Structure formats: structure tokens, C-alpha cells
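See structure below.
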Amino acid sequence: MKEKVHYFVVSKSPGFRELTRFILEWQYDCVVTTSDSESAALEYLRQIDIFPHMIVYEYVPDAFLVEDFIAYIKESRKPVHFLVLAEKIHGPTGAYFESYPTFHLVKKELMWGKIFGLTQESFRGIVADNTEPMCRLHMEGLDSITGIDKDLFLKLPSGKMVRLFASGSANAADRQKYRDKGVQFLWLERPTCDWMVKQIQTQFHIFLSNKHFQFIMRGPEASAEQSFDQKIIRVCDELHLDPDFKKEIELVMEKVMDTVQKDIHLGKVIKMIREHNPDVSYFAKNLQLTSIISCFLAKKMEWHSKTTLDKLVYAAVLHDITLATKPHLQRISGISEFEEVRAQLSEDDQKTYLTHPRDAAQLAKSQFKFAPPETDVLVLQHHELPEGKGFPTKIHAEKLSPLTQLFIVTQDFVRYVMNEQDPSLEMYFLRAEARFEQNVFRRFILLLKKFKSKT
């Protein structure tokens, strides 16, 4: 029998073990075994005659027998590539690796590049791509994924594939029935696996930082609105937003949109949103996420009177309403980015973008008498920045109201989430802390971080 590359994946996380197995088996004709603890891994390695070619270990400080496990790999003197996912090894154990040439301390975001690079470099004689038309995914890997809208198959002992769930209709209860019967793996067609793997890889470092993270799959045929919906679900989950308060906000949104829809001109935009017109998908999801995030921040600040929440939602609906059918303009974060792309825009688009805060503020003031006082101010100032570098009034941060400061940070966060294919909250926090140096803004960045850390 031809030798195959053998990977050994060690992690306490079932999702980590099985999604890693899925990706490796999708890529290579290989053998993948797994273990859920250092003690079980030690027992496995001591019993086998042939060592694996590569060990992928998700390191957790102070785990039982962690030092013994790591030391055993080194002292065994086996030519195994030992990848440890960690920023650093704690205590004296780190010293064990100083002279061990095939030990690799790998940062989580670099994991897949390192695994694939070492495989191609070190196992040229035996590595082979998997070209089979179907790939398998363990039930515990499926638990970390939502949004698979493709068929799932069961492989019979004869090798025949039988469709078990049509169009991803398998919920957790359905899958558990088959687990109870001993079914461990379901199979998917390779084209489905291709787009799944790409999305899992790009989000894997987020998954490693948040054990409750769910990969939300977006098929190639997914609409823009579906993609935005999945982002919103994921972000709300990562920020641990209370679902009951989120429902309250959504009710306020519906009431505000009912009011705006009565306007002879702006009502057309709300009608398009409710009909799921793709021309306003970006605008619709922007106002939804802006309403949610701004109201949650206000609640955390204890500014959550009915008037304040109404004001934030009105501002969320109206601030970009003159750009509703121009997502390419809504994506522009501010005056600096506008100047960078100005030459690519028509004269009409340039004028529309530069005047949209004033135009929308005027609409808020003149057309919606029932909107709370100063809603038009939030709308007018949503592109202002520290040190007077925003527009249209170039007002300094200290002269902005606290609620306006909150709304500006909210908009910055929402645009990041909407514009990035796979937004990373950690990346946003780093970016935002550099962008908003003043404490009046940074306190809202800190609140978002606290949501994520659940404190």
C-alpha cells in the first residue's frame, strides 16, 4: 500500500479537530487521526509503530500532562513536524525546543499557510492531492457550521453514497438521531467543499479566538442581502448581544420605517427594503446593524430612554438615505477615502456624497416632525472626525455631543463590518484605537471590546 502523509491533530475542541481533519482530507489523499487530550495523545503515540508525519497541537497552558506530551515528542527523536498553535510556550517547557529543528511555534492566523507549506516542502515523495468527487465531514465539525444549503450524504459499507439530508436540511436533532446509531461522518460533493473550505480557512483564526463561533457558509449563488444577514448574525453572536433587547430594537426600527414609508419620496426606499430589492441591500443592512449597535452602546452607557433609542434608530434610517441606491458611495468611509477615489466618481456622485449629510439632515428636520429633537444633528455630523478632519462642518470632537460621538463610532464599526468580506473584531479594535485617539471616542471602542469579552 502506498504510504500517505499522516497528520495527528490534538485539541480539546471538537470543532477544531474535525474542521482541521475536513480541510486536510479535502486537500490531500492522507490519513488524519485526532485526540482530545494530551494524555490520550501520549497513549496513542506510545502504542503505534509508525509515528505520524505531522502533529498539529492546539496548546493550552496548564493542561494536564502538557509538559509531558511536548517533552515526549522531542525526546522520542522521531522526524515529526510538531506544530504548536500558541503565541508562546509558558514556563520551562519552552526551553525544550531550542535545539529541536522540526518544532514550529505557529501563530493561529498563520496555521494553514504553515501546514500546507511544510507538507509540500517536506513530504514531496508521498504527498498527493485528493481528487475524489466527495469529501467527508465529521458530525462534530458540522456542529460549528451553519448555512450549508447543499445535500449531505451517508456512505454505506458497500461504498455507495445515499443522500441523507437534502439541501442542508439537517438540524442538530436530526443529526443526533444518526449519531446515536453510530454515524460519525456525512459526505458532501467536492464543489460544495471547495467554497466551504475557502470560507472556513479565512475565518479560522476568529474561530480559534472564540470557541462559540459559528461558521456561516455563503454559497456562490448567495445574494448580497444573504451575505450581509450572515455577517450581522455573526457579529451579534461575537458581541454576545442580548437577543431580547435586540428584538426591542427591531420593533423600534419597524415603527420608524412605517413612519418614513408614509413620506411621498423616501417611502419608495422603505418599500424597496421591504420587498428585498437588491439595489438597497447594503443600505438596508447598514441601517439595521447601525440601529442595533448604537442602541446597545447607549444601553451600556445607561442612555436608553425611549427618546434616545428612537433618535438613534431615526438617525440610522435617515443618515445615508439619499445614498440608498448607491452602495458604492455608502461604502466610502469618509472624506479621506473620498479624495482617494474622487477621480473614479462622476460629478453627480461626487456632489451627492459631499452633500448627503446636509441633505439627509434637512429631510430629518423638515419631513419628520415626529422624530425626536436633534435627530437631524446626529444625521448631519455622522462623518465628523477627531481634530476637525471630518465633514461637512469640520467640527472638533470635544464640541460634538456624547450621543453624536457614539453614533460616529457606530458608523465606523458598521462600515468596517459591511465592507470586509470576513470582518475580524480584533482587527477592527486595533484599527479603531489608532483612528480614534481621543478618550471621548475610545470609550465606545472599549465598550465594544467589553461586549466581546462578555464583561
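The analysis underlying the following values was restricted to heavy atoms, covering all of them including side chains, and did not include hydrogens, waters or symmetry mates. It should be emphasised that the depicted structure is a prediction, and the values quoted were computed from it without experimental measurement.
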Taking only residues two or more places apart in sequence or in another chain, which ones pass ring pair (Phe, Tyr, Trp, His ring centres under 6.0 Å) with [X]?
| X | answer |
| --- | --- |
| Y178 | F165 |
| H356 | Y353, H382, H383 |
| H304 | none |
| F51 | none |

Can you sort out the partners of [X] under side-chain contact (heavy atoms from CB on, under 4.5 Å), two or more places apart, ordered by chain and number?
| X | answer |
| --- | --- |
| A360 | V379 |
| Q201 | I23, W112, F116, V197 |
| R431 | D412, Y416, Y428, R435 |
| S144 | L19, F207, F215 |

Check whether any side-chain heavy atom of [X] lies under 4.5 Å from a side-chain heavy atom of [Y], and answer yes or no.
| X | Y | result |
| --- | --- | --- |
| K452 | E238 | yes |
| H81 | I55 | no |
| L447 | M301 | yes |
| L186 | L164 | yes |

**Message:** Between R17 and D36, does any side-chain N to carboxylate O distance fall below 4.0 Å?
**Reply:**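 No, R17 and D36 are not salt-bridged.
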
**Request:** Kindly write out the residues that satisfy salt bridge (charged side-chain N to carboxylate O under 4.0 Å, His left out) with E433, not counting sequence neighbours, or none if the list is empty.
**Result:**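 E433: salt bridge (charged side-chain N to carboxylate O under 4.0 Å, His left out) contacts with K449.
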
**Request:** Not counting sequence neighbours, which residues clear salt bridge (charged side-chain N to carboxylate O under 4.0 Å, His left out) with R179? List them please.
**Result:** D143

For [Y], is there any backbone N or O sitting under 3.5 Å from a side-chain donor or acceptor partner on [X]?
| X | Y | value |
| --- | --- | --- |
| Q350 | L345 | yes |
| N130 | E25 | yes |
| H53 | H6 | yes |
| D242 | F245 | yes |
| K160 | K155 | no |

**Prompt:** Given the rule in the ring pair (Phe, Tyr, Trp, His ring centres under 6.0 Å) test, do F8 and F82 qualify, once you have shown the distances and angles that lead to the verdict?
**Reply:** CA-CA 10 Å; F8 184 37; F82 187 27; 9.6 Å; no

**Request:** Only pairs at least two apart or in different chains count here, so list each ring-ring contact (aromatic ring centres under 6.0 Å, His included) that has a residue in residues 125-156.
**Result:** H138-F185

Pairing donors with acceptors under 3.5 angstrom, does anything connect the side chains of [X] and [Y]?
| X | Y | answer |
| --- | --- | --- |
| S13 | S11 | no |
| R415 | Q330 | no |
| T290 | Q411 | yes |
| D320 | Y282 | no |
| T119 | Y7 | yes |

**Message:** Nearest 0.5 Å, please: how far is NZ in K300 from CG in L448?
**Reply:** 11.0 Å

**Asked** Could you state the interatomic distance from CD (E18) to CD1 (I145), rounded to the nearest 0.5 Å?
**Response**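 Atom-to-atom, E18:CD and I145:CD1 are 11.0 Å apart.
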
**salt bridge (Lys or Arg N to Asp or Glu O under 4.0 Å): pairs with one or both residues in residues 333-343, sequence neighbours excluded** = E339-R342

**Message:** Quick one, R443 with Q405, criterion side-chain hydrogen bond (donor to acceptor under 3.5 Å, both in side chains). Give me CA distance, side-chain angles, the key distance, then yes/no.
**Reply:** CA-CA 10 Å; R443 59 179 170 166; Q405 295 160 3; 3.2 Å; yes

